[in-house]
Structure formats: C-alpha cells, structure tokens
Asks: 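Pasting a structure here, questions to come.
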Amino acid sequence: MAAPGKLTRFYEFGKKIICIGRNYREHAAELGNPVPTEPLLFSKPTTAYIREGQNIQIPRGCSSLHHEVELGVVIGKTGKNIHPGRAMNHVGGYVLALDMTARDLQAKAKKKGHPWLIAKGFDTSCPVSEFIPLKMIPDPNSVQLWLKVNGATRQDGTTADMIFGIAELLSYISTYFTLEEGDLVLTGTPSGVGEVVEGDVITCGLGNLAEMSFSVENPHKRDRIQLSSVD
Ligand SMILES: O=C(O)/C=C/C(=O)CC(=O)C(=O)O
Ligand SMILES: [Mg+2]
C-alpha cells in the first residue's frame with residue numbers, strides 16, 4: 001500500500017464524492033445565483049462514477065442535461081478538522097471530472113426546497129479521468145479547465161478563478177465530514193455550462209495534462225415510445 005499522501009492510483013468506485021457549487025463568480029452569475037460567502041456542498045453516490053468507454057446516460061425525466069468540467073482532488077490521507085495550513089498534505093492526486101447535472105430537475109428541486117440528489121447524483125453523473133499523480137500538477141490552484149461539445153468550445157477557465165482554494169475547501173469540508181483516503185472532492189465549474197443531447201460527444205481537459213471523451217445516450221427513449229404506443 002502507498003504511504004499516506006502518496007497515492008499512485010485512484011481508489012474509485014467505492015469512496016465518497018463531495019462536490020462544491022458556485023465556486024466561480026462567472027458561473028454563479030450565468031445561472032443567476034448569488035456568490036457564496038462560504039463553500040456550498042453537495043454529494044454524489046459512488047454509483048455516479050464512470051470511466052472512458054462508458055456513456056453518460058440522460059436520467060429519466062430530464063430534458064436539460066448540462067456539462068460541468070471540474071478539477072477533482074483525490075484525498076491521500078484521512079483527516080478530520082484539518083487546518084488549512086496542513087490541508088495540502090492530505091491531497092493524494094487529482095482527476096479531471098465532469099459534474100453532469102440534470103439542470104431542469106435541479107431547478108424543480110430548488111423551487112420546492114428539495115435536495116439536489118437526483119439532479120446531481122444519478123448514475124453516470126460523475127465521469128472521471130485516469131488518476132493524475134501529485135507531481136504532474138505542482139500548482140492545482142492555477143490549471144486550465146476546458147470542454148468542447150462535438151468539437152466546439154463551451155468552457156475555458158482556470159482554477160485560479162476559484163473563490164475558495166483547495167486548502168480552504170478541504171479544511172471546511174473536514175469540519176463536517178471525515179475526509180478518507182480515496183475520497184474525491186469536485187471543486188466546482190467555471191462558466192460556460194450548457195446543454196447536451198443524445199449523440200453528443202463531450203471532450204474535456206486539464207490544460208494538456210489530461211483529456212477524456214464521453215458520449216451522451218438516452219436509455220429512456222424506449223420508455224417514451226412504449227408510453228406513446230399505449231395512448
Ligand atoms: O445553484 C444552481 O442553480 C446551480 C449550482 C450548481 O450546479 C453548482 C455546481 O455544481 C458548480 O458550480 O459546479
Ligand atoms: Mg459542479
């Protein structure tokens with residue numbers, strides 16, 4: 001087993017996923033949200049993970065699936081009440097990640113004051129790249145995040161624009177949730193989020209350090225056909 005803080009691989013498919021929302025001013029503004037004064041947290045179940053070769057599946061009832069490209073921080077050392085000054089010692093590596101969001105279901109949930117679990121946590125909502133070792137990203141608070149849909153650029157930002165930096169985020173999260181080795185923290189998306197439909201191909205990257213592609217499919221198309229044939 002690797003020494004604490006020295007992960008060499010990503011312990012995915014079983015470790016929790018904590019996500020940060022509205023961590024970029026321009027993204028908060030594009031959705032008409034206020035800029036948060038402290039980190040906004042939500043979570044995805046571990047069944048949300050997928051890897052290249054699998055497809056993103058539009059969840060049932062969703063007619064506006066959005067892409068959000070994000071830097072994922074992989075925890076390398078378990079910690080609770082982590083001091084911000086020591087938080088980076090708990091980082092074991094990184095991944096490039098997508099926080100796929102059923103925007104219409106999220107809007108409905110927000111209106112009713114309900115949780116975002118379905119909108120953010122449906123199966124396939126967390127596509128991730130290969131594990132990126134620590135040494136590949138000496139300054140995670142300044143890396144480019146980009147995303148294209150069918151070859152056209154939609155998102156092009158930098159983690160330098162995060163409102164809350166990685167150390168601050170890990171410290172804050174760990175006051176409520178013990179961060180365990182292998183957990184993943186999604187740090188929020190820059191502006192440019194938008195809709196994808198069945199057949200679209202999302203390609204995204206972390207500068208030129210990592211790149212991944214996923215196709216979008218609609219497994220519920222048949223449900224609609226069956227329903228309409230009953231009418
Ligand atoms: O508050 C909203 O309407 C939407 C917020 C998000 O989806 C937050 C994120 O996931 C993000 O900023 O990355
Ligand atoms: Mg997000």
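All ligand and atom numbering here is 1-based and tracks the order in the structure. Keep in mind that what you see is a predicted model, and the values were worked out from it rather than measured.
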Asks: Which pair of heavy atoms, one from N141 and one from G165, lies closest together, and at what distance?
Replies: OD1-CA, 3.8 Å
Asks: Are L71 and I166 side-chain neighbours, meaning at least one heavy-atom pair lies under 4.5 Å?
Replies: yes
Asks: Can you confirm whether N55 sits close enough to F214 that some side-chain heavy atom of one is under 4.5 Å from a side-chain heavy atom of the other?
Replies: no
Asks: Please find the pair of heavy atoms, one from T178 and one from K16, that lie closest to each other, and give the distance.
Replies: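 Smallest interatomic distance, heavy atoms only, reads O-NZ, 2.8 Å.
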Asks: Counting N and O atoms only, with roles assigned by atom type, does the side chain of K44 sit under 3.5 Å from a partner on the main chain of S125, one being a donor and the other an acceptor?
Replies: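 Yes; at least one donor-acceptor contact below 3.5 Å.
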Asks: Once you restrict both partners to nitrogen or oxygen, which atoms of ligand 1 have a protein partner under 3.5 Å, and how far apart are they?
Replies:
from	atom 1	to	atom 2	distance (Å)
ligand 1	1 (O)	R22	NE	2.9
ligand 1	1 (O)	R22	NH2	2.6
ligand 1	1 (O)	N33	ND2	2.9
ligand 1	1 (O)	K110	NZ	3.3
ligand 1	3 (O)	N33	ND2	3.0
ligand 1	3 (O)	K110	NZ	2.4
ligand 1	7 (O)	E68	OE2	3.2
ligand 1	7 (O)	R103	NH1	2.9
ligand 1	7 (O)	Q106	NE2	3.3
ligand 1	7 (O)	K120	NZ	2.8
ligand 1	10 (O)	E68	OE1	2.8
ligand 1	10 (O)	D99	OD2	2.9
ligand 1	10 (O)	K120	NZ	2.6
ligand 1	12 (O)	R22	N	2.7
ligand 1	12 (O)	H27	NE2	3.2
ligand 1	13 (O)	E68	OE1	3.0
ligand 1	13 (O)	E70	OE2	2.9
ligand 1	13 (O)	T189	N	3.0

Asks: Who pairs with F164 by ring-ring contact (aromatic ring centres under 6.0 Å, His included), at least two apart in sequence or on another chain?
Replies: none
Asks: Sort by chain and number the protein N/O/S atoms found under 2.8 Å from the Mg ion (ligand 2).
Replies: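 Correct list: E68 OE1, E70 OE2, D99 OD2.
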Asks: Does the side chain of E68 pick up a donor-acceptor pair with the side chain of T189 at under 3.5 Å?
Replies: no
Asks: W146: which residues meet the ring-ring contact (aromatic ring centres under 6.0 Å, His included) condition with it, sequence neighbours left out?
Replies: none
Asks: Look at the side chain of T101 and the backbone N and O of D99, then say whether any donor-acceptor pair between them is shorter than 3.5 Å.
Replies: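 Yes, because the side chain of T101 sits within donor-acceptor range (under 3.5 Å) of the backbone of D99.
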